[in-house]
Amino acid sequence: MLLEIKNLTKSYRAPDGGDAVEVLHNIDWQLNAGESVAILGPSGSGKSTLLNIIGALDKADSGAVTVDGHDIEQFDERALAGYRNETVGFIFQLHHLLPQCTILENVLVPTLARTGVDRVVLKKRAEELLDSVGLKHRLHHRPGQLSGGERQRVAVARALINGPKLLLADEPTGALDRTSAGRLVDLLAELNQAQGVTLIVVTHALEVASRMQRVFEIKDCKLVQRP
Ligand SMILES: Nc1ncnc2c1ncn2[C@@H]1O[C@H](COP(=O)(O)OP(=O)(O)OP(=O)(O)O)[C@@H](O)[C@H]1O
Ligand SMILES: [Mg+2]
């Protein structure tokens, strides 16, 4: 099992000091290595919250999140940084590429914190990844010179550069037209199948969700599998 969530609860305090709002309530969830799943749910239902907790960008109030055999709540700062950088890869709705860096440099950003790695090998891997997402001819362009779909494919390459076991995508096709969205989902599905990366995709689009092996929905603070 790659991911195991037990009894996870999360609420946010109201900014005006009012009652806390519960977003996730006693969630239990298990994913096997190599699975691909989608999470659906209305706006504000807690999809990003759940993804951010799994990616250790946010903390649960209670419960346990175990990834690849490690309880991520037990990590110290150093282990957390390594986890965020190497065990998980993130793709967001907006790509968050650095505008002043080239595409190749952007893909290499997550490797900068790593020590004892061969830069030449990493650069080769970045080039191969960009080739695999169909951007071999754009290595030295800057994000502003790419289309939205191309930028999102750069974000996929960047998320994969450190060889994550778990890829977390939060509405990765949200800013794309249908054709580009379709291509991006093809790419994610292919990566999942060819490289065995476990994939969690948060989406509003049913056609995106239906490409994943299992589809879940957040409803009333609970995560339920759709038939
Ligand atoms: N930092 C925060 N402080 C207070 N409330 C928050 C915070 N982050 C999220 N929330 C609230 O938690 C709820 C869930 O938010 P979340 O971003 O997880 O929803 P979502 O399902 O991803 O929605 P969307 O589809 O619009 O992206 C919302 O009601 C939101 O207002
Ligand atoms: Mg969200």
Side-chain angles (χ1 to χ4, degrees), residues 31 34-48 50-52 54-55 88-110 125-164 166-218 225-227:
L31 288 191
E35 271 197 280
S36 66
V37 300
I39 302 178
L40 294 164
S43 178
S45 59
K47 305 179 299 295
S48 297
L50 180 61
L51 217 59
N52 290 343
I54 295 169
V88 293
F90 260 102
I91 306 165
F92 300 95
Q93 178 170 5
L94 296 172
H95 51 78
H96 296 306
L97 299 176
L98 300 174
Q100 71 278 27
C101 295
T102 67
I103 296 317
L104 183 61
E105 287 163 352
N106 265 286
V107 172
L108 286 165
V109 164
R125 176 166 165 80
E127 287 171 356
E128 284 166 3
L129 279 169
L130 283 165
D131 188 11
S132 72
V133 300
L135 290 172
K136 194 182 182 162
H137 54 306
R138 292 282 187 271
L139 299 185
H140 305 293
H141 285 59
R142 286 171 214 279
Q145 299 168 312
L146 266 54
S147 74
E150 287 172 338
R151 283 178 216 159
Q152 213 46 340
R153 282 185 272 146
V154 177
V156 173
R158 180 185 55 185
L160 292 170
I161 185 72
N162 284 335
L166 180 58
L167 196 54
L168 305 172
D170 196 351
E171 293 187 47
T173 63
L176 302 180
D177 62 65
R178 278 188 75 180
T179 312
S180 311
R183 263 192 224 132
L184 191 84
V185 177
D186 288 343
L187 173 66
L188 292 175
E190 195 182 297
L191 288 166
N192 167 254
Q193 262 143 43
Q195 302 184 22
V197 186
T198 308
L199 180 59
I200 305 178
V201 180
V202 163
T203 183
H204 284 285
L206 282 173
E207 61 234 84
V208 172
S210 64
R211 298 284 307 275
M212 304 297 131
Q213 290 159 352
R214 293 199 283 160
V215 179
F216 294 84
E217 190 171 7
I218 299 187
Q225 186 165 350
R226 293 190 20 147

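- Interatomic distance, CG of Leu184 versus OG1 of Thr179, reported as 12.5 Å (0.5 Å rounding).
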- Task: Could you go through the side chain to side chain contact (heavy atoms under 4.5 Å, CB included) check for Val185 and Met212 one step at a time?
- Result: CA-CA 9 Å; Val185 177; Met212 304 297 131; 4.1 Å; yes
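- Of all non-hydrogen atoms in Leu94 and Ala175, the two that sit nearest each other are CD2-CB, 4.3 Å.
- In terms of modelled atom types and a separation under 3.5 Å, the side chain of Asn106 and the main chain of Leu98 share a donor-acceptor contact.
- Shown are Leu130, Val133, Leu129, Ile103; of these, the side-chain contact (heavy atoms from CB on, under 4.5 Å) with Arg153 is made only by Val133.
- In terms of heavy-atom proximity, Leu188 sits nearest to Pro172 at CD1-CG, 4.3 Å.
- Applying the ring pair (Phe, Tyr, Trp, His ring centres under 6.0 Å) definition to pairs two or more places apart or across chains, none involves residues 179-208.
- Going from atom CZ of Phe216 over to atom CG of Leu31 covers 6.5 Å, rounded to the nearest 0.5 Å.
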- Message: Using the rule given for side chain to side chain contact (heavy atoms under 4.5 Å, CB included), can you reason through Ile161 versus Val109, listing the C-alpha separation, both sets of side-chain angles and the distance that settles it, and then say yes or no?
- Response: CA-CA 9 Å; Ile161 185 72; Val109 164; over 6 Å; no
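- Checked by atom type and distance alone, the side chain of Asp170 never pairs as donor or acceptor with a backbone atom of Leu51 at under 3.5 Å.
- Residues His141 and Leu146 meet the side-chain proximity criterion, which asks for heavy atoms closer than 4.5 Å.
- Here the closest non-hydrogen pair linking Ala209 and Val215 is O-CG2, 3.4 Å.
- Between the Arg142 side chain and the Pro99 main chain, no donor and acceptor come within less than 3.5 Å of each other.
- Relative orientation of the Phe90 and Phe92 rings is parallel, given thresholds of 30° and 60° on the angle between their planes.
- Note that OG of Ser45 and CG of Leu50 are 10.0 Å apart. Values are rounded to the nearest 0.5 Å.
- Between the Asn192 side chain and the Gly34 main chain, a donor and an acceptor come within less than 3.5 Å of each other.
- Heavy-atom minimum distance, Gly89 versus Pro164: N-CB, 3.5 Å.
- Distance alone, capped at 3.5 Å, places no donor-acceptor pair between the Thr173 side chain and the Leu176 backbone.
- With contacts defined as side-chain heavy-atom distances shorter than 4.5 Å, the pair Ile200/Leu166 qualifies.
- Rounding to the nearest 0.5 angstrom, the gap separating the CZ atom in Arg138 from the OG atom in Ser147 is 8.5 Å.
- In this structure, the side-chain contact (heavy atoms from CB on, under 4.5 Å) partners of Gln195, at least two apart in sequence or on a different chain, are Leu191, Val197.
- Ala155 meets the side-chain contact (heavy atoms from CB on, under 4.5 Å) test with Ile91, His95, Gln152, Arg158; sequence neighbours excluded.
- When the salt bridge (charged side-chain N to carboxylate O under 4.0 Å, His left out) test is applied to Arg226, the partners found at least two apart in sequence or on another chain are Glu217.
- Taking 4.5 Å as the limit, every side-chain heavy atom of Val154 sits out of range of all side-chain heavy atoms of Pro143.
- By the 4.5 Å heavy-atom criterion applied to side chains, Leu199 and Val37 are not counted as neighbours.
- For the salt bridge (charged side-chain N to carboxylate O under 4.0 Å, His left out) test, no residue two or more places apart in sequence or in another chain qualifies with Glu171.
- The shortest distance between side-chain heavy atoms of Ile39 and Ile218 falls below 4.5 Å.
- Counting only residues at least two apart or on different chains, the salt bridge (charged side-chain N to carboxylate O under 4.0 Å, His left out) pairs with a member in residues 205-215 are Glu35-Arg214, Arg178-Glu207, Asp186-Arg211.
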